[in-house]
Amino acid sequence: MHMIDPLSRIVTRAAYGARQLSRVAWYLGHGLALRRIAEAQRRRERPNCPPRARIGARVPDRRRLYSDMATLFLQDLTNVESGIYPLPADHDGSLTAFFRRSRLFFEDLPEIHRRRERNAYHEVLNKETIGTRPRYYLQNFHFQSGGWMTEASAERYDTQVEVLLNGSANAMRRQALPPLHAAFAGRDKRKLSLIDIGCGTGRFLDFLKQAWPRLPALGLDMSEAYIKHARRHLKRWSRIGLMVGNAEAIPVPDASQDAVTSHFLFHELPLKVRRAVISECGRVLKPGGRLVLVDSLQRGDEPDYDELLALFPQNYHEPYYQSYIDENFRTLAENYRLSHVESYKAFVSKVMVFDKLGPRSA
């Protein structure tokens, strides 16, 4: 077990707290401003409309949400102190970069509001894009401008997600590292291979390389714009590849990967596609290889959150979310020789771990 001396522990905790508390405060501030802007916009458009009534659904209050978020950060810190991964660097960039991303975020809010009010989510589907990607992919998910297709969307994405999750998204992503740490223990990282499907802007791959710089890794995403963004974000690392491709047909040989990871992807997939992607994960994993999925909580994982989960797709364009929260991943994975190892909660997300049946490769 990793041991840390008392002075190092104090320094680590102080550094961790300073980094994470500042991020949480930044994104909580954005969330507060977002709500005020949305309410002001509603009053301008419907001046005679009474104030919006409180939601009748039984959802956790802010005290509960912040308590559960604090539990996530405490687990993140425990992982650091246990030596599972180093004190994380979020690599958010300079203060100038922070303000630029903030400006892009707020500039897009009127367009998001317009789409939400009109339920306009097919603007991405046009004569230039049709046939270039699967039809289910060509939507304005979250009602954001550009869907997943534009560089501006890629620039805004991480801010949008962190505002939604109060600055906790990166901490959730890092919760995929402990099951990888267990699977990789005692093995030469240079001889292993990992693919991250739906890698987006590359945030998880950054944390992966912080933990194991010599581990060869590949990021796969259908968006050229997001892959381009990921290349810039990950340029400090070697032994990492990034590729535009579809997780329904992962472009690597059978039984070639020691691990496959995915973050916040499966709730964006239609039922049939979800099965195709799980099948591909089983195909590319070596016997004994590990699949780690991080995504939203599902119905019944935390009963107090069930009604909050039901409200989520009403406020954001999430057409496949309802089928996701009722999906039985344990049974689904068994169809592709993937055995469930464990699942655990990480605030409003969960981590699901599966191993490919068969003896582990050397």
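The first residue of the sequence shown is numbered 1, and numbering continues consecutively from there.
In this structure, R101 forms no cation-pi arrangement with Y157, as its terminal cationic atom is not both closer than 6.0 Å to the ring centre and no more than 45° off the ring axis. Cation-pi geometry between R174 and F207 is met: under 6.0 angstrom from the ring centre, within 45 degrees of the axis.
By the neighbour-count criterion of 12 heavy atoms within 6.0 Å, atom CZ of R63 is sparsely surrounded, having that number or fewer from other residues, nucleotides or ligands. Remark: R100 CZ is packed, more than 12 non-hydrogen atoms of other residues, nucleotides or ligands lying under 6.0 Å away.
No hydrogens or angles considered: nothing links the side chains of S168 and Y27 as a donor-acceptor pair under 3.5 Å. In this model, a donor atom of one side chain and an acceptor atom of the other lie less than 3.5 Å apart for S145 and R115. Q144 and S153 form a side-chain donor-acceptor contact under 3.5 Å, judged by distance and modelled atom types alone. Under the 3.5 Å distance criterion, with hydrogens and angles disregarded, no donor-acceptor pair is assigned to the side chains of N166 and Y66.
Between L164 and F312 there is a side-chain heavy-atom pair separated by less than 4.5 Å. By the 4.5 Å heavy-atom criterion applied to side chains, L177 and N79 are not counted as neighbours. Within the 4.5 Å cutoff, no side-chain heavy atoms of V294 are placed close to those of F204. Residues L215 and R239 have side chains not in contact (no heavy-atom distance under 4.5 Å, counting atoms from C-beta outward). Residues N170 and R23 have side chains in contact (heavy-atom distance under 4.5 Å, counting atoms from C-beta outward). Side-chain contact between L180 and L194: present, with at least one pair of heavy atoms (C-beta onward) separated by less than 4.5 Å. W237 is not listed as a side-chain neighbour of L208, based on a closest heavy-atom distance of 4.5 Å or more. Side-chain contact between K350 and E302 is absent, with no heavy atoms from C-beta onward closer than 4.5 Å.
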*Please step through salt bridge (Lys or Arg N to Asp or Glu O under 4.0 Å) for the pair K228 and E155, ending with a clear verdict.*
CA-CA 10 Å; K228 183 177 180 180; E155 285 291 315; over 6 Å; no
*Test side-chain hydrogen bond (donor to acceptor under 3.5 Å, both in side chains) on D326 and Q322 and set out the steps.*
CA-CA 7 Å; D326 290 321; Q322 287 294 340; over 6 Å; no
*Go through the steps to decide whether D306 and R299 satisfy the test salt bridge (Lys or Arg N to Asp or Glu O under 4.0 Å), and finish with yes or no.*
CA-CA 6 Å; D306 280 354; R299 199 188 313 274; 6.0 Å; no
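For R103, the salt bridge (charged side-chain N to carboxylate O under 4.0 Å, His left out) partners at least two apart in sequence or on another chain are E107. Listed by chain and residue number, H340 satisfy the side-chain hydrogen bond (donor to acceptor under 3.5 Å, both in side chains) test with R330 (two or more places apart in sequence, or in another chain).
Between K345 and D68 no salt bridge is recorded (no basic side-chain N to carboxylate O distance below 4.0 Å). Under a 4.0 Å N-O distance rule, the pair R203/E162 does not qualify as a salt bridge. Under the 4.0 Å criterion applied to side-chain N and carboxylate O atoms, R190 and D188 are assigned as salt-bridge partners.
Screening W148, Y321, Y320 for a side chain to side chain contact (heavy atoms under 4.5 Å, CB included) with E268, the sole residue that qualifies is W148. In summary, of the residues considered (R116, Q160, E318, H317), a side-chain hydrogen bond (donor to acceptor under 3.5 Å, both in side chains) with H142 occurs for E318 alone.
Linking ILVMFWY side-chain heavy atoms closer than 4.5 Å, directly or via other members, places V124 and I130 in a single hydrophobic cluster.
Each ring pair (Phe, Tyr, Trp, His ring centres under 6.0 Å) pair with one or both residues in residues 69-103, not counting sequence neighbours, appears once here: W26-F98, W26-F99.
Classification of the H229-H233 ring pair by plane angle, with boundaries at 30° and 60°, yields parallel.
Going from atom SG of C199 over to atom CD1 of I227 covers 3.5 Å, rounded to the nearest 0.5 Å. Note that NZ of K209 and CG of L234 are 9.5 Å apart. Values are rounded to the nearest 0.5 Å. Interatomic distance, CD of E342 versus CG of D355, reported as 9.5 Å (0.5 Å rounding). For the atom pair CG of D76 and CD of Q175, the computed distance is 5.0 Å after rounding to the nearest 0.5 Å.
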